[in-house]
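Predicted model only: the values in this text are computed from it and were never measured. Below, all heavy atoms of this structure are taken into account, side chains as well, without hydrogens, waters or symmetry copies.
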Amino acid sequence: MGHIFISYSKQDKDYATKIFNALKKRGFDAWMDVNLHPGEQWHEVIENRINECDVFILIVSESSKNSRWVNKEFLHAQDKNKPIFPLMLRGSRWMLLQDLNCVDVAGGYLPGEDFFQEIKRIVEKNNPIAQASSLRSEEKPKPPRVEQRRVTNPTYAVIGGVALVVLLCAGFGINYLMYLSATNLGIGSTWTSEEDGAVMMYVPAGEF
């Protein structure tokens, strides 16, 4: 994640280290002046680190208020329009902090998770790659859509058609037999049609 600058006085070093470790645990690239290497120009390194930071954390106490270095760091971060997160550890609010929302950490407690989530939001906003990675991790894969199609077996269709024809033929045959039985027709018998009055003679199948 992005770079977080921690500004503090020497008297508050233990709490600054606590914040530093909490940020590291959550994946942030935190920085405090203990990371300075021998031979480096302190003011140049600190100035560059503030210029490059995404968030500026200020540990507020009476000792930091009276620290010339802390005041310089704060004013430089303010001049560079860096997001400033004051943590009220001891003492009263400074006049320079009147317009800023200070988080109460009196007693040396860590701020709530909403504090770290807000820092994360700002860092990801300044870092498009981290933002894209966060969005991908939040996306849940959708299960593939399975289309159900009704498949008709042609064998069943043929069998059904044949069965229907057999039933129809059987029905006509039964009706015809019932008709012959009802009329009791024999060879040479006649029958008059009800539709047109035509006289018909019964002739059985075969040669005549």
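Counting non-hydrogen atoms of neighbouring residues, nucleotides and ligands closer than 6.0 angstrom, the NZ atom of K13 reaches no more than 12 such neighbours.
Remark: the backbone N or O of N51 is paired with a side-chain donor or acceptor of K82 at under 3.5 angstrom. Using modelled atom types, one side-chain atom of S64 and one backbone atom of I59 make a donor-acceptor pair closer than 3.5 Å. Side-chain N or O atoms of H3 include none that pairs as donor or acceptor with a backbone N or O of A30 at under 3.5 Å. One N or O on the side chain of N71 and one on the backbone of K65 form a donor-acceptor pair closer than 3.5 Å.
Residues L89 and Y109 do not share a hydrophobic cluster, defined by chaining ILVMFWY side chains whose heavy atoms lie under 4.5 Å apart.
Residues K72 and H76 form no side-chain contact, since every pair of their non-hydrogen atoms from C-beta on lies 4.5 Å or further apart. With contacts defined as side-chain heavy-atom distances shorter than 4.5 Å, the pair T17/Y15 does not qualify. Residues V123 and I119 form a side-chain contact, since some pair of their non-hydrogen atoms from C-beta on lies under 4.5 Å apart. Using a 4.5 Å heavy-atom threshold, the side chains of V60 and L97 count as touching. For the pair E62/S92, a side-chain contact is recorded, criterion being any heavy-atom separation below 4.5 Å from C-beta on. The shortest side-chain heavy-atom distance between L87 and D104 does not fall under the 4.5 Å cut-off. At least one side-chain heavy atom of I122 sits less than 4.5 Å from a side-chain heavy atom of E118. In this structure, I84 and V55 have side chains that are not in contact, with every pair of non-hydrogen atoms separated by 4.5 Å or more.
With values rounded to the nearest 0.5 angstrom, S7 atom OG is found 8.5 Å from D33 atom CG. If you take CZ on F20 and OH on Y8, they are separated by 10.0 Å, rounding to the nearest 0.5 Å. From C53, atom SG reaches atom CG of N48 across 11.5 Å, with rounding to the nearest 0.5 Å. E73 CD to R68 CZ: the interatomic distance, rounded to the nearest 0.5 Å, is 11.0 Å. Atoms CD and CD1, on Q78 and I50 in that order, are 12.0 Å from each other to the nearest 0.5 Å. Rounded to the nearest 0.5 Å, atoms CG (N66) and CD (Q11) are 9.0 Å apart.
Of all heavy-atom pairs between I19 and P111, the closest is CD1-CD, 3.7 Å.
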Problem set entry | CA sep, side-chain torsions, deciding dist, call: D54, F5, side chain to side chain contact (heavy atoms under 4.5 Å, CB included) | CA-CA 8 Å; D54 292 319; F5 188 97; over 6 Å; no

Exercise. Checking side chain to side chain contact (heavy atoms under 4.5 Å, CB included) for the pair K80/F56: CA distance, chi angles, key distance, verdict?
Worked result: CA-CA 11 Å; K80 295 298 180 180; F56 182 91; over 6 Å; no

Problem set entry | Test side chain to side chain contact (heavy atoms under 4.5 Å, CB included) applied to I46 and W69, step by step | CA-CA 10 Å; I46 290 175; W69 274 106; 4.3 Å; yes

Problem set entry | I4 and D29: CA distance, side-chain angles, deciding distance, side chain to side chain contact (heavy atoms under 4.5 Å, CB included) verdict | CA-CA 6 Å; I4 313 297; D29 180 18; over 6 Å; no

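Between E113 and R26 a salt bridge is recorded (basic side-chain N to carboxylate O distance below 4.0 Å).
Centroid-to-centroid, the aromatic rings of F85 and F115 come within less than 6.0 Å.
Using a 3.5 Å distance cut-off with no hydrogens or angles, the side chains of S9 and D12 do pair a donor with an acceptor.
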